[in-house]
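This report refers to the structure that appears directly beneath it.
Proteins get letters first, then strands, A, B, ... in listed order; numbering begins at 1 in each.
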There are 2 protein chains.
Amino acid sequence: MSTKPAVNGAHKAAIRQENEEQILAAAERVFADFGFKGATTARIAEIANVPKANVHYYFSTKEALYRRIMEDVCDHWLEAAMTFDNSADPAFILRGYIEAKMDLSRVRPYGSRLWAHEIIRGAKFSSEYISTTVKNWLDSRVEVIRGWIDEGKMDDVEPYTLMYMIFATTQHYADFGRQIEIFNNDKPLTDAQFAEAKENVVRIILKGVGLA
Amino acid sequence: MSTKPAVNGAHKAAIRQENEEQILAAAERVFADFGFKGATTARIAEIANVPKANVHYYFSTKEALYRRIMEDVCDHWLEAAMTFDNSADPAFILRGYIEAKMDLSRVRPYGSRLWAHEIIRGAKFSSEYISTTVKNWLDSRVEVIRGWIDEGKMDDVEPYTLMYMIFATTQHYADFGRQIEIFNNDKPLTDAQFAEAKENVVRIILKGVGLA
DNA sequence: ATTTATCTTGACCGTTTGGTCAGGTTAAAA
DNA sequence: TTTTAACCTGACCAAACGGTCAAGATAAAT
């Protein structure tokens, strides 16, 4: 561990932060792979490289750990959502949002997979969050899209269907990453391949709604 | 049970078929909700309305049951895949394929979710199937799309990206069905809403690749 | 130097889990 | 009628699981 002399408990605080981060990262991965019920605290401890009792020392229960990670994933999702503002230029906004979501899938695939698990099993823990924070955001974005349609800036498409298409397509690169890898001759997409995919996704969707 | 007199073991055969179907349906649902590891044989038995020992009487292990259902889901997927043939008319073929996939999500959401679980956790059981049957089919369809592009029938898009977009968008209605339901004021999509979504998905994608 | 607070962790506990078994029931075959 | 085969299932087993605890180590405060 750190050899730097501690001042005012900084060392103990650093120990806590380092261990918590290690456990959170391990847990995100294990929950992403197996879902809440399928994940074991033994496996999380193993990946985090700490004794199982330590997981419980820092996070009282498996569920507490799970909720903590989901909050973090939601915060990250919100950052991408913020790129979708009320600008007058739909092509610019939609391009920015799709790219932000694609990038999120690229840099944090486990978070997306964890979310997918959560939704697939019925959104047991996140139902309220989805029906409030996420739904309010979605409904307000749908109003913005409707405004663009009314102003003749884009085709008259059903806005919810468009948003679901964007969610689905962008998260696919995280959730079904392994399948895409198998299709790519068992190799992860290179940065170039991913950039090309991103550009094609943006292009097809923008043209699909009359913006390119 | 059936009161019809049996002839040549038909009754016993009917018992087996009925019980197997019940267990398979229950298992598909439980595996869809919780994934392989998170699902329990006790839960499957409960949903199937049979004693747990009966599950093992008909399917030796949990894994045998899981593999059996996955084979079935793959067969079903293949049926939709068959709509994508070598026709000269890309708009017609893509529309047919997208619609078949959307319908599959509508009539068999658990199968799609089970598949999603399988892929999210790394395609542990299905890796070979994906890298052979599915990949060969995908690669051959990509060649067909390239042919259409070469003939100037559609835009020069990256065919794999297009196929992933179709997979993602159509399966979203099954895998993230709960989220969509929450966004729909906690009500499942009506048939009319689903038909509208399907039409919009087809329209956006076809236009997005220069086919509408 | 001593005390206090935090960290560490092997061992343990009660519950859950996948799977087995023995004995009984029912239907079909001989 | 008897025998055979298939179905049924409560009880049980060993292993896995989430979580706890006591005792020791370490760092910080007094």
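Between the CD1 atom of B/Ile15 and the P atom of C/dT26 there is a distance of 11 Å, given to the nearest Å. A/His11 places its NE2 atom 8 Å from the C1' atom of D/dT26, with the value rounded to the nearest Å. In this structure, B/Arg16 atom CZ and C/dA27 atom C1' are separated by 14 Å, rounded to whole Å. Rounded to whole Å, atom P of D/dA25 lies 19 Å from atom CG of A/Asn19.
Residue pairs meeting the salt bridge (charged side-chain N to carboxylate O under 4.0 Å, His left out) criterion with at least one partner in residues 109-119 of chain A, sequence neighbours excluded, are A/Glu118-A/Arg121. Sorted by first and then second residue, the salt bridge (charged side-chain N to carboxylate O under 4.0 Å, His left out) pairs with a member in residues 27-42 of chain B read B/Glu28-B/Arg108; sequence neighbours excluded. Judged as a salt bridge (charged side-chain N to carboxylate O under 4.0 Å, His left out), the pairs with a partner in residues 162-178 of chain B (not counting sequence neighbours) are, in order, B/Arg178-B/Glu181, B/Arg178-B/Asp186. For residues 52-66 of chain A, the salt bridge (charged side-chain N to carboxylate O under 4.0 Å, His left out) pairs, not counting sequence neighbours, are A/Glu63-A/Arg67.
When the side-chain nitrogen and oxygen atoms of A/Lys37 are compared with OP1 and OP2 of C/dT17, one or more of them lie within a distance under 4.0 Å.
Contacts of B/Phe125 classified as ring-ring contact (aromatic ring centres under 6.0 Å, His included), with partners at least two apart in sequence or in another chain: B/Phe36, B/Tyr66. Take B/Phe59 and apply the ring-ring contact (aromatic ring centres under 6.0 Å, His included) test, not counting sequence neighbours, and it matches no residue. Taking A/Thr170 as the reference, A/Ile98, A/Lys101, A/Met102, A/Ile166 meet the side chain to side chain contact (heavy atoms under 4.5 Å, CB included) condition, with sequence neighbours excluded. Applying the side chain to side chain contact (heavy atoms under 4.5 Å, CB included) criterion to B/Val144, with sequence neighbours excluded, gives B/Phe84, B/Asn86, B/Arg141, B/Trp148. B/Thr161 pairs by the side chain to side chain contact (heavy atoms under 4.5 Å, CB included) definition with A/Tyr173, A/Ala197, A/Asn200, A/Val201, B/Glu158, not counting sequence neighbours.
Scanning residues 54-64 of chain B for heavy-atom distances under 4.0 Å to DNA chain D yields B/Asn54, B/Tyr57, B/Tyr58. A heavy atom lying under 4.0 Å from DNA chain D marks none of the residues of residues 24-35 of chain A. Listed by residue number, there are no residues of residues 40-50 of chain A with a heavy-atom contact under 4.0 Å to DNA chain C.
Checked against D/dA27, D/dC21, C/dT26, the side chain of B/Lys12 finds its nearest nucleotide in C/dT26.
Here CH2 of A/Trp137 is found 12.0 Å from OG1 of A/Thr133. Values are rounded to the nearest 0.5 Å.
With respect to B/Arg95 and B/Glu99, a salt bridge is recorded, a charged nitrogen being found less than 4.0 Å from a carboxylate O.
Note on A/Ala14: nothing from the nucleic acid sits closer than 4.0 angstrom, heavy atoms only.
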